[in-house]
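These notes are about the structure you will find just below.
This is a predicted model, so every value here is computed, not measured. Letters A, B, ... are given to chains in the order of the sequence lines, protein chains preceding strands, and every chain is numbered from 1.
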Protein chains: 2
Amino acid sequence: MLLHMAEFDGPLTSDALAGMMQTNPVVIRRILAGLRKEGLVHSEKGHGGGWRLAKDLESVTLYDIHLALGAPGVLALGHRTEAPGCLVEQAVNSAMGEAFDAAEALLLSQFQQITLASLSRDFHQRLDQRGITQQALSEAAHMRNCSDGDD
Amino acid sequence: MLLHMAEFDGPLTSDALAGMMQTNPVVIRRILAGLRKEGLVHSEKGHGGGWRLAKDLESVTLYDIHLALGAPGVLALGHRTEAPGCLVEQAVNSAMGEAFDAAEALLLSQFQQITLASLSRDFHQRLDQRGITQQALSEAAHMRNCSDGDD
DNA sequence: TTTCATGTAACTTACATTATTACATGAAAT
DNA sequence: ATTTCATGTAATAATGTAAGTTACATGAAA
Ligand code: FES
Ligand code: FES
């Protein structure tokens, strides 16, 4: 969503973003409220209002976004009990905990190395590959132009 | 659960296991049915029936169990669309997909190196540390003996 | 002062997981 | 044989979490 905002010239309303993401405007506001708290986006009310990126693409990593979203757990697995009395469970938690921590650390360290700028570069490369010449990219019809027509 | 079965001399019923795990017997049967299909456990009906380990502790890894449980996804994150038309999303999927794959591969590779035997050794070490001499471990009251009394 | 857009709380829906009920199957004890 | 015990499995119910929706307040521009 942030990258689409980056391509778009001017603020985007929750309504417009909800249309792109095929969801409800309030859901968008809820999500972006978190990002605003971390200074990633900026919002304005009233006429001509909407959402705008507040930082340079180069300075925002997926990890920053992860944190802004509340650092939700990245693993689908977890301990059944955090501090079990059962010694078997303690042994299991200990061994699996190390594995969990290592996997999570690896994932987040990679997130730290993926900037919005790098994603944007990849995006523009894909645009060129498709031979898309249109400047229509910074228009509201954005989403519809680039989709394969699925849906 | 498998490790508790390993400590216990004789078959354990779904009822007993459900008591240990604080859940319903049918849930236990459903889970163990998957493990039986992969030859990890064996079940017998009727009097004196129940569940028993079918393999050596040394030969079973957490990865084996993971597979037997149907190899559920280990990550809480995933792609919004698998093959999106949107080029931004393609770029995001590509970058995040690599990170996902690496993290998942790391986690599963660690699972492959954790055997039930290694967990059992850790368990017995913890037993010793606690100075538990009782052979009551292979009795039905097992769960209650070792818990800290929480719940 | 009307229109537009965010800000937020409250509520509803939808979904996936887990738990329960019910009954069939099969094996051992009596 | 028949009772008891235990698994096997389908069907249903309950639960918990995430997503979506409604409603209305706030603030800014036309
Ligand atoms: S790049 Fe996402 S719709 Fe155009
Ligand atoms: S080791 Fe788990 S209850 Fe005794």
Original post:
Is Lys55(B) salt-bridged to Glu38(B), cutoff N-O under 4.0 Å?
Top reply: no

Original post:
Pro25(B) or Gly46(B): which one's nearest nucleotide on DNA chain C is closer to the 5' end?
Top reply: Pro25(B)

Subject >> Selection: residues 29-36 of chain A, any non-hydrogen atom under 4.0 Å of DNA chain D >> reply: Arg30(A)

Subject >> chain A contact limits on DNA chain C, taken 5' to 3' with a cut-off of 4.0 angstrom to heavy atoms >> reply: dT3(C) to dA10(C)

Original post:
Paired with dA29(D): which nucleotide, if any, by Watson-Crick or G-U wobble criteria at under 3.5 Å for both distances?
Top reply: dT2(C)

Original post:
If pairing requires Watson-Crick or G-U wobble contacts with both distances under 3.5 Å, which nucleotide is the partner of dG7(C)?
Top reply: dC24(D)

Original post:
Across the strands shown, which category fits Gly50(B) at heavy-atom distances under 4.0 angstrom: base, sugar-phosphate, nothing?
Top reply: sugar-phosphate

Subject >> Same cluster (ILVMFWY, side-chain, under 4.5 Å), Val27(A) and Met1(A) >> reply: yes

**OP:** Carefully, step by step, assess Arg126(A) and Glu89(B) under the rule salt bridge (charged side-chain N to carboxylate O under 4.0 Å, His left out).
**Re:** CA-CA 11 Å; Arg126(A) 287 167 196 268; Glu89(B) 200 174 346; over 6 Å; no

Original post:
If you look at every heavy atom in Ala103(B) and Leu107(A), which pair is closest and at what distance?
Top reply: CB-CB, 3.8 Å

Subject >> Separation of Gln112(B) CD from Leu108(B) CG (nearest 0.5 Å) >> reply: 7.5 Å

Original post:
In terms of side-chain heavy atoms, does Thr61(A) have a donor or acceptor partner in Asp64(A) at a distance below 3.5 Å?
Top reply: yes

Subject >> DNA chain C: 5'-proximal contact among His47(A) and Val26(A) (nearest heavy atom) >> reply: His47(A)

Subject >> Complement of dT15(D), any strand, by Watson-Crick or G-U distances under 3.5 angstrom >> reply: dA16(C)

Subject >> Non-hydrogen atoms of Ala99(A) and Phe111(B) that approach each other most closely >> reply: CB-CE1, 4.2 Å

**OP:** Would you check, one step at a time, whether the test side-chain contact (heavy atoms from CB on, under 4.5 Å) holds for Phe100(A) with His79(A)?
**Re:** CA-CA 10 Å; Phe100(A) 290 162; His79(A) 296 330; 4.0 Å; yes

